Asks: 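A single structure is presented below for examination.
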Amino acid sequence: MIDLIVLPLIKIVFVLTGVLITVMYLVLLERKVQAWVQARLGPMRVGPHGVLQPVADVVKLFIKEDLTPARAEKWVFTLAPIIVLVPALIAFAVIPFGPEVNLFGRPVPLYITDLNVGLLYIVSVAALGVYGIILGGWSSNSKYPLLGSLRSSAQLISYELAVTLTFVSVILASGSLSMVQIVEAQRQNGVWFAFVQPVALFIYAVGALAETNRNPFDLPEAESELVAGFHTEYSGMRFALFFLAEYTNMIVVSAVATTLFFGGWLRPFPNVEALWFLGFVPAWIWFTLKTFVLLYVFLWIRATLPRYRYDQLMALGWKWLIPLAIANIVVTAAVKVVLGS
Amino acid sequence: MTPITPAHYVVLSAALFTIGVIGVMVRRNVIVILMSIELILNAVNINLIAFSRQLGDAVGQVFAIFVICVAAAEAAVGLGILLAFYRNKETVNIDEMSLMRW
Amino acid sequence: MGEAIAFYTLAALILGFGVMVITARNTVHSVLFLVANFLFVAALYVLLGAQFLAVIQVIVYAGGIVVLYLFVVMLVNLKRPPEAHRDRRRKSGLGLAISLVVLAEIVAIAAFAVVQPAHLTGPKAALPPEAANNVEQVGWLLYTQYLVPFEVASMLLLVAMVGAIVLARREL
């Protein structure tokens with residue numbers, strides 16, 4: 001009874017609060033990192049070194065006027081941000097933050113659940129997130145959001161295919177769809193899948209940038225393009241939900257990359273006994289550290305690279321990444337058959 | 001409360017099938033007709049998987065995967081035909097799509 | 001007990017959303033109710049122990065096919081609602097009656113057939129003993145015993161993809 005209901009509920013509360021606080025400070029971190037790359041300081045006024053800036057942002061978004069455009073579909077307009085945010089949050093149900101630890105005398109696994117189709121579950125919630133964007137743009141009853149949402153959803157669907165194909169090659173290497181089993185496979189082999197499947201990592205990195213609508217693939221929502229894309233007509237709390245969803249997606253994508261390619265909660269060199277002192281660091285700290293490094297790479301890329309044009313973006317997804325991902329699967333399968341492992 | 005037997009699933013599947021058939025026969029919007037066909041295919045899938053669970057054989061699920069494949073192909077081609085028709089005649093009312101030439 | 005509650009709730013939601021799909025005035029609402037229907041059908045598959053098929057249902061059906069429908073609905077957004085033209089020759093009442101007769105027949109078959117469950121003819125598909133996982137079972141069957149239908153299905157999808165692109169192009 002406790003194990004079935006109370007424990008997952010407590011874990012869910014922990015994960016949700018952790019994610020929401022991380023998202024708030026990720027927004028601040030993005031502004032700071034971009035500022036430092038551009039040789040300036042970023043937000044410095046609110047609190048020491050701008051640490052209270054997220055609080056100011058939240059207050060601002062709460063007190064903004066809540067508009068609905070004229071002749072917009074009220075229900076769908078309200079539902080769209082929710083449809084974008086909920087899949088991003090429920091993807092955390094299968095992400096393993098650490099192995100089983102002993103808390104208060106009972107073994108508690110540091111993940112909410114371990115589905116035997118965990119990786120496909122993440123793909124399915126990513127597929128559902130597309131709806132919010134299409135509906136957000138369509139229900140605004142206005143030209144720019146509609147175009148922005150059609151572009152954005154077409155981009156998401158195209159890169160979703162490439163990312164799912166890279167998942168297939170990771171599944172081939174690990175032998176299981178369950179996220180916990182994938183980390184276990186990396187521990188048994190003693191090597192992260194980033195070194196076993198570098199092509200898959202590259203394709204996943206590009207696809208993840210496109211899936212989260214981040215630079216260099218953020219044409220549908222770039223400020224100088226279609227006004228603000230599909231969330232032009234949203235303001236106040238509804239815009240906050242879209243914003244939250246985008247950063248939560250970033251965290252999900254980084255956490256999935258950490259689990260699949262960088263060993264999840266394992267310490268570096270998990271099978272080398274000489275580095276036993278690294279085992280003193282708790283597993284979930286390793287996971288968080290690796291996820292933050294990947295998030296920093298996201299921010300770094302945004303500050304550095306120029307934006308892709310839309311037709312270049314679609315050509316990249318369909319003509320280069322998908323064939324490359326399929327070739328990667330074929331090569332991985334062939335190597336697996338030859339090595340017999 | 002009686003335990004849930006496959007008969008329950010068959011009745012559910014029959015009801016969903018009938019809803020799909022009603023949609024195909026009564027509605028005039030071609031897109032809603034195509035969506036009702038998807039409901040029919042889903043009803044068939046529920047049936048297949050319920051029996052796969054009762055007989056303990058995974059073949060039903062394999063068949064259901066093929067049904068989903070065929071449904072995807074049919075949706076794509078059906079919507080392609082609809083778009084080609086709409087470009088010429090500017091309607092999605094199936095009663096107006098009754099002439100072979102215009 | 002829990003399974004009964006889950007089944008009846010899911011069945012009510014599935015049928016409810018199904019009815020709303022075919023009776024909604026606005027086509028976009030129809031599409032949204034269809035998505036909800038598919039998601040609850042996926043939940044039903046999980047209840048039946050077919051987890052792989054549940055996620056495939058969400059990814060392919062709810063996340064692919066219905067997105068396609070949504071795109072087409074938005075591209076075909078008409079000023080004049082399509083139901084405005086009423087064809088005199090159409091007999092909707094007859095269609096409804098025939099559908100209800102179909103339902104009665106199926107329910108009769110299901111209600112009487114449960115007394116004598118059919119006997120299995122032929123052995124069950126052979127599986128390796130370590131394939132306990134639902135995904136492994138389905139994968140094993142798909143790649144050994146049903147390999148030819150699998151390849152034919154991929155050909156079918158290729159043909160459908162080419163066909164859809166050719167049909168939807170502007171110039172021929």
Side-chain angles (χ1 to χ4, degrees), chain B residues 1 3-5 7-8 10-12 14-23 25-29 31-32 34-36 38-39 42 45-46 49-50 52-53 55-59 61-62 64-66 68-77 79-84 86 91-93 95-96, chain C residues 1 3-4 7 11 14-15 18-19 21-22 27 30-31 34 38 41 44-45 48-50 53 56-57 60-61 64-65 68-69 72-73 75-76 78 82-83 85 87 90 92 95-96 98-99 102-103 106-107 110 114 120 124-125 137-138 141-142 146 149 153 156-157 160-161 163-164 167-168:
Chain B
M1 176 96 32
I4 304 289
T5 62
H8 289 79
V10 172
V11 170
L12 167 65
L16 194 61
F17 185 89
T18 315
I19 292 175
V21 170
I22 293 177
M25 298 234 201
V26 171
R27 292 294 299 254
R28 278 167 305 219
N29 192 345
I31 301 179
V32 177
L34 287 173
M35 289 199 290
S36 311
E38 301 295 334
L39 281 179
N42 260 311
N45 267 348
I46 295 177
I49 294 177
S52 155
R53 153 84 164 250
L55 301 175
D57 201 355
V59 179
Q61 298 176 25
V62 172
I65 290 182
F66 288 128
I68 294 181
C69 274
V70 170
E74 166 247 328
V77 174
L79 290 171
I81 294 177
L82 170 68
L83 272 182
Y86 174 75
T91 180
V92 288
N93 188 342
D95 289 332
E96 293 176 14
Chain C
M1 182 59 201
E3 187 184 354
F7 172 75
I14 290 173
L15 294 177
V19 170
V21 167
I22 65 171
T27 318
S30 253
V31 173
L34 193 69
F38 287 165
V41 169
L44 195 73
Y45 292 168
L48 280 168
L53 216 57
I56 291 292
Q57 165 95 358
V60 173
Y61 247 124
I65 296 180
L68 186 60
Y69 276 105
V72 172
V73 166
L75 287 172
V76 173
L78 297 176
E83 314 277 325
H85 172 202
D87 193 357
R90 174 176 274 269
S92 300
L96 191 60
I98 293 178
S99 316
V102 168
L103 174 65
I106 300 178
V107 171
V114 79
L120 274 181
K124 280 195 264 196
Q137 285 177 341
V138 172
L141 280 176
L142 207 51
Y146 295 99
L156 171 72
L157 287 172
M161 193 159 62
L167 280 170

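The sequence lines fix the lettering, A, B, ..., with proteins before strands; numbering per chain opens at 1. As the structure is a computational prediction, the values presented were derived from the model and not from experiment.
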Asks: Is Leu15(C) in contact with chain B via its backbone, its side chain, both, or neither, using a 4.5 Å heavy-atom distance?
Replies: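 For Leu15(C), the contact with chain B is made by backbone and side chain together.
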Asks: Looking only at non-hydrogen atoms, find the nearest pair between Leu12(B) and Phe7(C) and report the distance.
Replies: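 Closest approach of Leu12(B) to Phe7(C): CD2-CE1, 4.0 Å.
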Asks: Show the nearest heavy-atom pair for residues Ala64(B) and Leu53(C), with the distance to one decimal.
Replies: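 Between these two residues, the closest heavy atoms are CB-CD2, 3.3 Å.
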Asks: Output the distance between atom OG (Ser99(C)) and atom CE (Met25(B)), rounded to the nearest 0.5 Å.
Replies: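 Rounded to the nearest 0.5 Å, the OG-CE separation comes to 4.5 Å.
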Asks: Given heavy-atom pairs under 4.5 angstrom as the criterion, report whether the side chain, backbone, both or neither of Leu68(C) touches chain B.
Replies: both
Asks: Against chain C, work out which of Leu16(B), Leu39(B), Asn42(B) has the most heavy-atom pairs shorter than 4.5 Å and name it.
Replies: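 The option with the most such pairs is Asn42(B).
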Asks: Using side chain to side chain contact (heavy atoms under 4.5 Å, CB included) as the criterion, list what pairs up with Ile68(B), not counting sequence neighbours.
Replies: Asn45(B), Ile56(C), Gln57(C), Val60(C), Tyr61(C)
Asks: Contact part of Leu83(B) toward chain C, heavy-atom cut-off under 4.5 Å: side chain, backbone, both or neither?
Replies: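 Side chain of Leu83(B) only, per the 4.5 Å heavy-atom cut-off to chain C.
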Asks: So which of Ile22(B), Val77(B), Val21(B) has the largest heavy-atom pair count under 4.5 angstrom toward chain C?
Replies: Ile22(B)
Asks: Testing the basics here: between Ser30(C) and Met35(B), what is the closest heavy-atom pair and its distance to 0.1 Å?
Replies: CB-CE, 3.5 Å
Asks: Is it the backbone or the side chain of Ala153(C) that comes under 4.5 Å from a heavy atom of chain B, or both, or neither?
Replies: side chain
Asks: Check each atom of Ile65(C) against the heavy atoms of chain B and say whether the ones under 4.5 Å are side chain, backbone, both or neither.
Replies: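 Only the side chain of Ile65(C) comes within 4.5 Å of chain B.
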Asks: Only counting residues at least two apart or in another chain, list the ones meeting side chain to side chain contact (heavy atoms under 4.5 Å, CB included) with Leu142(C).
Replies: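 For Leu142(C) the side chain to side chain contact (heavy atoms under 4.5 Å, CB included) partners, ignoring immediate neighbours, are Val62(B), Ile65(B), Phe66(B), Phe150(C).
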Asks: Determine the minimum heavy-atom distance between Leu141(C) and Val59(B), stating which atoms define it.
Replies: CD1-N, 3.6 Å
Asks: When heavy-atom pairs shorter than 4.5 Å are enumerated against chain C, which of Val10(B), Val11(B), Ile46(B) gives the highest number?
Replies: Ile46(B)
Asks: Please identify, among Val31(C), Leu157(C), Leu103(C), Val21(C), the residue contributing the most non-hydrogen atom pairs under 4.5 Å to chain B.
Replies: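 Most heavy-atom pairs within the cutoff with chain B belong to Leu103(C).
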Asks: Taking Gly163(C), Ala164(C), Gly64(C), Ala50(C) one by one, which has the highest count of heavy-atom pairs under 4.5 Å against chain B?
Replies: Ala50(C)
Asks: Among Leu48(C), Leu167(C), Ile22(C), which residue has the highest count of heavy-atom pairs closer than 4.5 Å to chain B?
Replies: Leu48(C)
Asks: Shorter than 4.5 Å, heavy atoms on both sides: which option in Ile98(C), Ile14(C), Leu34(C) has the most such pairs with chain B?
Replies: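 Top option by heavy-atom pairs under 4.5 Å: Leu34(C).
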Asks: Where do Ala160(C) and Ala73(B) come nearest, in terms of heavy atoms and distance?
Replies: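 Here Ala160(C) and Ala73(B) meet closest at CB-CB, 3.5 Å.
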Asks: Between chain C and each of Glu74(B), Arg53(B), His8(B), count heavy-atom pairs under 4.5 Å; write down the option with the most.
Replies: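 Most heavy-atom pairs under 4.5 Å with chain C: Arg53(B).
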Asks: Once rounded to the nearest 0.5 Å, what's the spacing between atom CG of Leu79(B) and atom OH of Tyr69(C)?
Replies: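 Here the rounded value is 5.0 Å.
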Asks: Select one option (side chain, backbone, both, neither) describing which atoms of Leu34(B) are under 4.5 Å from chain C's heavy atoms.
Replies: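 Both parts, heavy atoms under 4.5 Å.
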Asks: Name the region of Val41(C), side chain, backbone, both or neither, that has any atom closer than 4.5 Å to a heavy atom of chain B.
Replies: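 For Val41(C), side-chain heavy atoms alone lie under 4.5 Å from chain B.
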